[in-house]
There are 2 protein chains.
Amino acid sequence: MTSKPVSLKVLAAHLGLTVGTVSRALNNYADISPVTRERVKRAADELGYRANQNARRLSIGNPETVGYLMPRFGNSIAQPFSAQLLQGLGEALSRRSWDLLVVQSDSSKDELAHIERMVRSGRVGGLVISRPAKNDARIRLLQELKCPFVVHGRTASCADYAWYDVDGEDAFVTAVNHLIELGHSRIAFVGAPLQHQFAQDRLNGYTRALEENGLTADPELIQIAEFSDDGGEIATNMLLELSNPPTAVVCLSDTMALGALAAIRAHGLQPGVDVSVIGYDGLKFGVHSNPPLTTMAQPQAHAGRRLGDMLLSIIDGDEPSQHQELRRAHLVRRKTDGPLHLTTAQTNVSNREETT
Amino acid sequence: MTSKPVSLKVLAAHLGLTVGTVSRALNNYADISPVTRERVKRAADELGYRANQNARRLSIGNPETVGYLMPRFGNSIAQPFSAQLLQGLGEALSRRSWDLLVVQSDSSKDELAHIERMVRSGRVGGLVISRPAKNDARIRLLQELKCPFVVHGRTASCADYAWYDVDGEDAFVTAVNHLIELGHSRIAFVGAPLQHQFAQDRLNGYTRALEENGLTADPELIQIAEFSDDGGEIATNMLLELSNPPTAVVCLSDTMALGALAAIRAHGLQPGVDVSVIGYDGLKFGVHSNPPLTTMAQPQAHAGRRLGDMLLSIIDGDEPSQHQELRRAHLVRRKTDGPLHLTTAQTNVSNREETT
DNA sequence: ACGCTAACCGAAAGCGGTTTCGGAAAGCAA
DNA sequence: TTGCTTTCCGAAACCGCTTTCGGTTAGCGT
């Protein structure tokens, strides 16, 4: 279907030169006279010549491409991050005119197979993965394949690979501290299964902050559910129906926090006055929730760009361990954090309503 | 850095065969005896052999890759669709083990340059673009390059290329009709600049529905602003401060609708009772807005998959015009559409407040 | 005039596969 | 045994580009 592009051969013939000469001319070799160099270049873009990249990359032995493993997402409300991250990655790569390949897999098993195929077949020169599991098989695989990679997030043993992460533990420490300063002491944690490292990190921050303030972490107040708004709602329902419900809850993500708000409202309670909630992510949508969601916002803007630059450096030969970047999230107060309102929260426990 | 992968040559040497034989064995040629075929395959995956794709694709003259042009997004709140769409595209492509390249550009000019480079350099065998402008230069370029492509969305003259779109005009007709059935007659349109075809389509639906109901479209009631929540808020503020404000407003997107809700609340009015609003997109977040947003939901789930399949078919030789798919959006009623409340809406006009 | 260096380009060998073609060995019929 | 297919594999060309290596020509000093 596609019209045949002009090759180096026809360009050379057109010029009465050999392919080698033309190639060197286009690549600014010193052994080509300035006049023929210009002549070649003029002819090249008159004929619309573009070097075939498959051929070129085969020849130079460099795929000039990196892969991005899309995180598999359930029914998460939004992945606004993916887009931003891809954009940043693309920026970093385009400065060298490298390409960005996105890869996705259904199961974690064929994700590994995918990775192996990608790197063994020379399709990518590096990979960026995100949301590592606690003992992520992908990381081990990439290490033994000796394939450069960076990870968005990090695991417990992250000493010898490159990563960019925002400190979830720290974030939840400040979130909980903030709630304690507001007078709360029964603070709950709404989380998701702990196979993902970030889920564990944030839980750790929660418990650490409690301990540091001399509060004992009540196991009842730790609710694990599906990583979605529905999960957040279910978990929060459980919490509110406890005999001694929390007066504040920190949520693993803004998405889960939205579910928490729904649950609270459904119980006839008022988020931010009867029970406070703090989310995590800093989704812009949070401005429009009911009421606007207080959250720990992560500096997401430059993640992709940084990740891309790091990966490129490593491919250039840098030691992966030199490229580790930890950012902090910051509290953005909107309307769901408020001072303790003991009476209201403790009385309206038995309301059970349904959200639409 | 990467450890050298085993090539066909070493595999052949290891087996005491020639590369040609090994290649044919792996590709199930009939002129290879079953026993050596199996022997070769066993050895191949024992040694972890993977055909170098650059070499392979160069040889077969097929990039086996399609590109996705990421829509440039300004400060739009989120691109939740991109992720889903990429996922669908990936699915379609992976069934043939084709690759997906994402491309993005800062300006529309180097987007064209990008495209030309991509196809001329044989990096991609096809392209998918989205959100076409009214007379999209990319489409013309791709046509003259004779490069297979599909577009997500469509322009006015869409007869001779392939596209997948949901009928924005129809959607806004049903939205406006719904509002009229609820008793509204002063219905406003909050939109964005009309260079994008979808913005025009939806406006057309708005005006058409008005006409079909014997209502005259009041130019005052058509507000064009930036394509974002802030834009929606600004536009709605203008509307509410009219001497004869609307009692309902349809918004170009859910994101803009969220801004509209904010403006309405800031005027001390109640969305869904004092002034109705209907968005477009069907964002899941709409459930959590204040109040939950009524919207025209588009069937987004399969877009990527369909687009991918279409593109592959066209690359296989199908006529592009055979692959045109128009889907309909459907109304999902939440809480921002309600019957006409004349009194309240007409009196609270002069409130001016600020949102945070 | 000679020799020597520098400037410039052609030739050719890869890169790692695919695919066509031809020929040797094996099978079968006569 | 001869002759003729099959079966199976090796040889080699090719995909389009890069890069090294020589060799020719021009320019220079003497």
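A, B, ... follow the sequence lines: proteins, then strands. Residue 1 opens every chain.
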Partners passing salt bridge (Lys or Arg N to Asp or Glu O under 4.0 Å) against [X] (at least two apart in sequence or in another chain):
X: E111(A); answer: R72(A), R138(A)
X: R95(A); answer: none
X: E46(A); answer: R42(A)
X: R154(B); answer: D165(B)

Rounded to whole Å, how long is the line connecting atom [atom1] of [X] with atom [atom2] of [N]?
X: I32(A); N: dT19(D); atom1: CD1; atom2: P; value: 13 Å
X: L15(B); N: dC8(D); atom1: CG; atom2: C1'; value: 16 Å
X: N62(B); N: dC14(D); atom1: CG; atom2: P; value: 21 Å

Note to self: So, using ring pair (Phe, Tyr, Trp, His ring centres under 6.0 Å) as the criterion, who are the partners of H196(B) when residues are at least two apart?
What the structure shows: F198(B)

Margin query: Please list all pairs meeting salt bridge (Lys or Arg N to Asp or Glu O under 4.0 Å) that have one or both residues in residues 9-29 of chain A, counting only residues at least two apart or in different chains.
Written below: R24(A)-D31(A)

Checklist line | side-chain contact (heavy atoms from CB on, under 4.5 Å) against T18(B), all qualifying residues, sequence neighbours excluded | finding: T21(B)

Checklist line | Footprint string (nucleotides 13-26 of chain C, 5' to 3'): B base within contact, S backbone only, - free, heavy atoms under 4.0 Å | finding: -BBBBBBBB-----

Next item on the list: Indicate whether any N or O donor in one side chain lies under 3.5 Å from an N or O acceptor in the other, for R56(A) and Q53(A).
Entry: yes

Check: In degrees, rounded to 10°, what is the bend between the two ends of the helix from dA1(C)-dT30(D) to dA30(C)-dT1(D), using five pairs at each?
Finding: 50°

